[in-house]
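Presented below is the structure to which this report refers.
Any value given below was found using the heavy atoms of this structure, including those in side chains, with hydrogens, waters and symmetry copies removed. Proteins come first, then strands; the chains are lettered A, B, ... in the order of their sequence lines, and each starts at number 1.
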Amino acid sequence: GAVVSQHPSWVICKSGTSVKIECRSLDFQATTMFWYRQFPKQSLMLMATSNEGSKATYEQGVEKDKFLINHASLTLSTLTVTSAHPEDSSFYICSALPQRERYEQYFGPGTRLTVT
Amino acid sequence: LAKTTQPISMDSYEGQEVNITCSHNNIATNDYITWYQQFPSQGPRFIIQGYKTKVTNEVASLFIPADRKSSTLSLPRVSLSDTAVYYCLVGSNQAGTALIFGKGTTLSVSS
């Protein structure tokens, strides 16, 4: 089946530093990838839509200069949290939409970010 | 995107059938209904998807009435490992459309 990986699975960083999270589709090509964040006991919140070769589309309220998204190839999208603050601590999840599929998306295992 | 309403939580015992109903009164003609399962600290996992009537796979069934304003996910003979959050999502079948998650239903299965 379709597999999406994320790296790292967890990361701890200090306030003010930047952290990059990778999302890879391992056995399929994905023109579109999505980034979500999830706080404890809450649902997933869509942050942005990432399209290969073009700028990401951010949801209202998500700072594009703080959460940098790059979708450089059909199998890789990266999310960089710049100048991280403790309130950025969350579970970040990506999903990828195979080119052949109309709707079914495959999710990565998530990345736990803790900012101290 | 159509908004969905699900029960916040449900309790069950091992071996029972569990039915989780989702309301989506504003579903559009092009919208599909998809259910995902999520365990703590993991990404959501696809369970089943349907457009109308009934769909069955190896893990669940999805019942969709003719008016498509609701749907019911049926999990036969649940086990402890089915304890998770279940999300009902409704969205267009157009490629590139993001999934918008509602609050989901927390299913707790006891022995």
Side-chain angles (χ1 to χ4, degrees), chain A residues 1-6 9-10 21 23-25 29-52 54 56-60 62 69 71 90-114, chain B residues 1-9 22 24 27-52 55 57-60 62 64 71 84-108:
Chain A
V3 179
V4 176
S5 70
Q6 284 185 237
S9 56
W10 60 270
I21 302 171
C23 176
R24 293 182 184 273
S25 55
Q29 292 185 328
T31 305
T32 305
M33 291 184 175
F34 304 94
W35 286 95
Y36 296 82
R37 64 189 297 183
Q38 185 176 33
F39 294 108
K41 303 294 184 182
Q42 295 188 21
S43 183
L44 286 78
M45 183 189 76
L46 178 67
M47 298 177 68
T49 300
S50 169
N51 292 298
E52 186 266 338
S54 64
T57 302
Y58 292 83
E59 295 299 301
Q60 188 174 7
V62 178
I69 292 173
H71 194 158
S90 187
F91 193 53
Y92 292 86
I93 306 170
C94 72
S95 72
L97 185 66
Q99 287 181 310
R100 68 183 186 280
E101 299 289 344
R102 290 183 301 176
Y103 192 64
E104 183 176 342
Q105 296 180 21
Y106 300 93
F107 286 81
T111 297
R112 174 74 59 191
L113 169 63
T114 301
Chain B
L1 295 173
K3 182 179 178 179
T4 60
T5 303
Q6 310 172 226
I8 296 297
S9 63
C22 178
H24 28 81
I27 190 169
T29 302
N30 290 336
D31 287 343
Y32 280 70
I33 300 158
T34 310
W35 287 79
Y36 280 82
Q37 174 193 56
Q38 186 183 28
F39 297 111
S41 296
Q42 294 187 26
R45 184 176 73 100
F46 173 87
I47 300 175
I48 198 166
Q49 182 184 83
Y51 184 80
K52 61 180 179 180
V55 179
N57 61 22
E58 62 276 8
V59 298
L62 179 60
I64 306 169
S71 60
V85 179
Y86 292 83
Y87 294 98
C88 163
L89 295 98
V90 176
S92 169
N93 61 352
Q94 294 181 349
T97 302
L99 293 174
I100 305 300
F101 284 77
K103 297 183 184 301
T105 298
T106 299
L107 172 65
S108 299

Legend entry - Residue A:Q38 versus chain B: region with a heavy atom under 4.5 Å: side chain

Legend entry - Distance in Å, B:F101 CZ paired with A:I93 CD1, rounded so as to fall on 0.5 Å steps: 7.5 Å

Inset, instruction - For B:P44 and A:F107, work out which heavy atoms get closest and say how close. - result: O-CB, 3.3 Å

Inset, instruction - Would you mind checking which part of B:S41 comes under 4.5 Å of any heavy atom in chain A, side chain (CB onward), backbone (N, CA, C, O), both or neither? - result: both

Legend entry - Which of B:G102, B:G104, B:P40 touches chain A most, by non-hydrogen pairs under 4.5 Å: B:G102

Legend entry - Test item: A:Y36 side-chain N/O and B:L99 main-chain N/O as donor-acceptor pair under 3.5 Å: yes

